[in-house]
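In what follows, a single structure is set out as structure tokens and then discussed.
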Protein chains: 2
Amino acid sequence: MPASLKDVARKAGLSPATVSRHMNGTLELPPETRARIERAVRQLGYRPNPHARRLSLGRSDTITLIVPDIANPFFATLAASVERTASERGMIVQLHATSNVEAREIALLELATDNRADGVVFCTNRRPSPDVATAMAALPRVVVVDEAVPGARAPQIYADNAQGGYLAGHHLAGWGHRRVAYMGGGQALMSTRQRAEGLERGLRDGSGGETVAVRVMSGQHDVASGRALATDLLDGRDNATAIFVGSDEIAIGVIETLRARNVRIPRDMSLVSFDGARALHLYDPPITAVRQPAQRLGARAVELLLDGDWKDQALPDLVEYLPVDLIERASVAAPNTTRNDQPEPDRQRSVTP
Amino acid sequence: MPASLKDVARKAGLSPATVSRHMNGTLELPPETRARIERAVRQLGYRPNPHARRLSLGRSDTITLIVPDIANPFFATLAASVERTASERGMIVQLHATSNVEAREIALLELATDNRADGVVFCTNRRPSPDVATAMAALPRVVVVDEAVPGARAPQIYADNAQGGYLAGHHLAGWGHRRVAYMGGGQALMSTRQRAEGLERGLRDGSGGETVAVRVMSGQHDVASGRALATDLLDGRDNATAIFVGSDEIAIGVIETLRARNVRIPRDMSLVSFDGARALHLYDPPITAVRQPAQRLGARAVELLLDGDWKDQALPDLVEYLPVDLIERASVAAPNTTRNDQPEPDRQRSVTP
DNA sequence: CTGCTTTAGTAAAGCGGTTTAGTAAATGCG
DNA sequence: CGCATTTACTAAACCGCTTTACTAAAGCAG
């Protein structure tokens with residue numbers, strides 16, 4: 001139904017090849033001929049069929065973005081940034097959610113391969129098996145963002161987790177905290193290791209030689225996990241005076257649980273979050289957090305896909321850590337020394353749902 | 001480089017037509033032949049080229065989702081839901097952001113047309129000119145979600161704005177409020193009208209005959225606008241005792257401004273939000289809000305695209321309002337009657353940034 | 001006027017599927 | 001056994017664009 005190149009060519013009294021080449025700028029034409037083509041295009045309302053183009057060219061002018069969950073504000077922000085950057089460069093983005101399921105991660109990578117995606121931005125929250133790296137290997141251009149994929153030969157862009165942990169640790173130490181719990185994704189995750197390591201280092205650096213303790217607790221990056229971990233922490237006879245959480249989702253679960261247990265932040269427990277993209281400044285109390293550069297992660301990934309030197313054999317070895325910063329709000333205070341003495345009695349079950 | 005249908009056919013000793021028809025289930029084949037094809041497919045790692053398929057078929061098994069802003073939690077949630085529903089049905093989704101710019105709305109609708117999208121879910125925050133409806137007319141299947149597009153002949157799915165307004169109004173009236181400000185998108189927006197109308201009706205219904213007043217203030221659905229509108233409200237000699245906002249983004253701006261001006265919620269000013277998808281229960285104070293069914297909006301839209309009876313001439317006239325509900329939290333209280341007497345003196349500029 | 005270069009295009013072969021309209025061989029039936 | 005039917009497949013056109021290799025005509029130099 002819509003006009004094809006052939007129609008335009010006929011109307012302009014030319015061959016399809018000529019019109020095609022003119023439209024792609026691979027052929028100089030005298031002004032008069034050019035005008036004839038342009039008139040025909042206008043009159044017929046011609047719009048090239050992108051599928052034909054993609055088939056012929058073997059590429060798609062598409063960037064595929066694979067994330068665990070689109071509704072998660074961190075990934076939503078990242079996605080928005082990828083979309084903006086890509087569309088400024090004339091690329092379409094195709095967005096897919098894995099729900100953190102490996103089979104879907106692989107299926108979506110294969111889909112991107114089938115679709116001849118010009119670039120793929122891959123994010124996961126898990127530590128994927130080597131099969132994921134294998135699926136990745138079929139793609140000409142992938143960049144791994146936010147969490148490592150073992151075995152993948154692809155440039156990687158991360159938030160500076162170690163620095164984030166360090167900032168949190170140092171800040172907490174400054175308030176007198178010596179024992180803090182880190183709640184994040186799985187133990188094996190690069191982000192968990194880096195943040196826990198940074199946390200401990202920051203804590204130590206800020207504690208002037210005193211003994212410090214970091215307890216690494218792991219779960220998933222979701223609210224339910226935050227609740228469970230917080231419950232574990234409170235139920236165990238642990239004497240952590242502060243919690244550093246690996247994502248806002250966990251933070252939410254933790255806050256809910258502390259509140260339900262009448263453990264006040266920051267009086268009874270200090271909290272530092274690893275900020276996705278939420279309005280933590282409006283929370284009660286405003287939550288001190290390490291802010292991740294979600295937008296820059298996305299923008300940088302696209303930039304690398306489009307402008308990186310992919311002929312360079314060394315490109316896949318590139319690892320970038322984008323800087324994070326600590327936003328001090330009101331969820332950190334000096335440890336409450338009274339609490340440990342009477343652990344059960346002063347914890348009343350709250351009525352608030 | 002990758003194997004094509006022809007390669008498979010050759011390896012199986014058959015014609016491409018046979019293999020194609022077998023793979024699409026349009027040809028019954030004896031088990032032995034079938035096995036030969038399947039073996040060839042496996043050995044060659046054959047995966048059909050989707051671009052060729054789309055070119056040939058003239059469709060793309062794709063659903064295009066067009067939203068103002070992906071990072072906005074409401075649209076992010078909607079997008080997640082569209083993506084999930086669509087991919088369960090074997091459809092790919094293509095996500096695009098308009099930034100609320102009409103030229104982009106149109107360009108993206110045209111892009112969807114070019115791409116032979118099987119369905120389009122269109123969301124806007126503005127009141128688009130008829131050109132948008134025109135661009136839409138070229139598409140075989142569109143559904144309009146969340147805000148009306150004048151002149152569009154397409155089924156529409158909305159949150160029940162009037163009911164949301166009513167619930168908010170009735171709730172506020174119950175606490176004794178008689179004058180409330182509504183802060184939303186433009187005056188011309190369907191959502192604005194419906195919510196304001198519902199608000200007034202609810203207020204009236206809950207006020208036992210007393211006079212009620214609704215002041216409709218409009219801006220954009222973003223934080224900056226919330227700040228500006230709240231400033232306007234406070235600076236004007238208005239005696240509204242409660243604010244009903246049209247989106248969480250506006251709510252955030254409003255809360256920030258009230259806080260900066262030392263106007264306490266709910267003591268000095270009550271607030272009800274129209275909830276996107278944020279953790280309002282953790283805010284200070286927890287924000288009472290009308291909850292929009294973002295997920296159901298998305299799921300229903302996809303359902304309609306894929307299962308609707310599009311031969312039915314009446315389908316484009318379909319308008320559905322999905323139910324909303326009011327979540328009562330702590331941002332509404334009885335109006336503070338003292339405040340009007342001494343408007344300026346008790347408003348101190350806070351130090352908090 | 002001849003031969004060479006430039007100009008202005010074009011023919012045709014892909015890209016990799018789908019589909020319509022068949023055909024050749026095998027089978028069933030009377 | 002001859003004819004109709006069924007089974008098992010296929011030839012070839014088509015979807016709409018790109019690109020390589022080429023040609024015909026015009027322009028130009030000598």
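Letters A, B, ... are given to chains in the order of the sequence lines, protein chains preceding strands, and every chain is numbered from 1.
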Distance below 4.0 Å between A/Arg54 side-chain N/O and D/dC17 OP1 or OP2: no
Return the value, rounded to whole Å, for the distance between atom [atom1] of [X] and atom [atom2] of [N].
X        : N      : atom1 : atom2 : answer
A/Arg10  : C/dA11 : CZ    : P     : 13 Å
B/Asp114 : D/dC17 : CG    : P     : 10 Å
B/His51  : D/dT18 : NE2   : P     : 14 Å
B/Asp61  : C/dG17 : CG    : P     : 15 Å
B/Leu14  : D/dA11 : CG    : C1'   : 14 Å
A/Asn49  : D/dC14 : CG    : P     : 17 Å
B/Leu44  : C/dG16 : CG    : C1'   : 15 Å
B/Arg53  : C/dC15 : CZ    : C1'   : 17 Å

Identify, residue by residue, the members of residues 18-31 of chain A with a heavy atom below 4.0 Å from DNA chain D, and return them in order of residue number, or none. A/Ser20, A/Arg21, A/Asn24
Counting only heavy atoms and a strict 4.0 angstrom limit, can you tell me which residues of residues 32-43 of chain B come near DNA chain D? B/Thr33
Sugar-phosphate only, base, or nothing, as touched by A/Leu57 at under 4.0 Å among non-hydrogen atoms: sugar-phosphate
Categorize B/Leu55 for me: base, sugar-phosphate, or nothing, with a 4.0 angstrom heavy-atom threshold over every strand shown. base
If you apply the rule side chain to side chain contact (heavy atoms under 4.5 Å, CB included), what do you find for A/Val149 with A/Phe122, and how did you get there? CA-CA 9 Å; A/Val149 175; A/Phe122 184 86; 3.8 Å; yes
Check whether any side-chain heavy atom of A/His22 sits under 4.5 Å from a side-chain heavy atom of A/Glu38, and report yes or no. yes
So that I can tick it off, tell me whether A/Asp307 and A/Arg89 are bridged by a salt bridge, with the cut-off set at under 4.0 angstrom between side-chain N and carboxylate O. yes
Let's go through B/Arg153 and B/Asp317 carefully: what are the C-alpha distance in whole Å and the side-chain angles of both, what is the deciding distance for side chain to side chain contact (heavy atoms under 4.5 Å, CB included) to 0.1 Å, and is it a yes or a no? CA-CA 7 Å; B/Arg153 272 215 89 227; B/Asp317 301 324; 3.5 Å; yes
For [X] and [Y], indicate whether the former's side chain and the latter's backbone hold a donor-acceptor pair under 3.5 Å.
X        : Y        : answer
B/Arg36  : B/Ala12  : yes
B/Thr134 : B/Pro130 : yes
B/Ser60  : B/Arg54  : no

Should the pair B/Tyr321 and B/Tyr158 be assigned to parallel (<30°), tilted (30 to 60°) or perpendicular (>60°) ring geometry? tilted
By side-chain hydrogen bond (donor to acceptor under 3.5 Å, both in side chains), A/Ser99 pairs with (sequence neighbours left out) none
Quick one: does A/Ser56 reach the base of C/dG14 with a side-chain donor-acceptor pair under 3.5 Å? yes
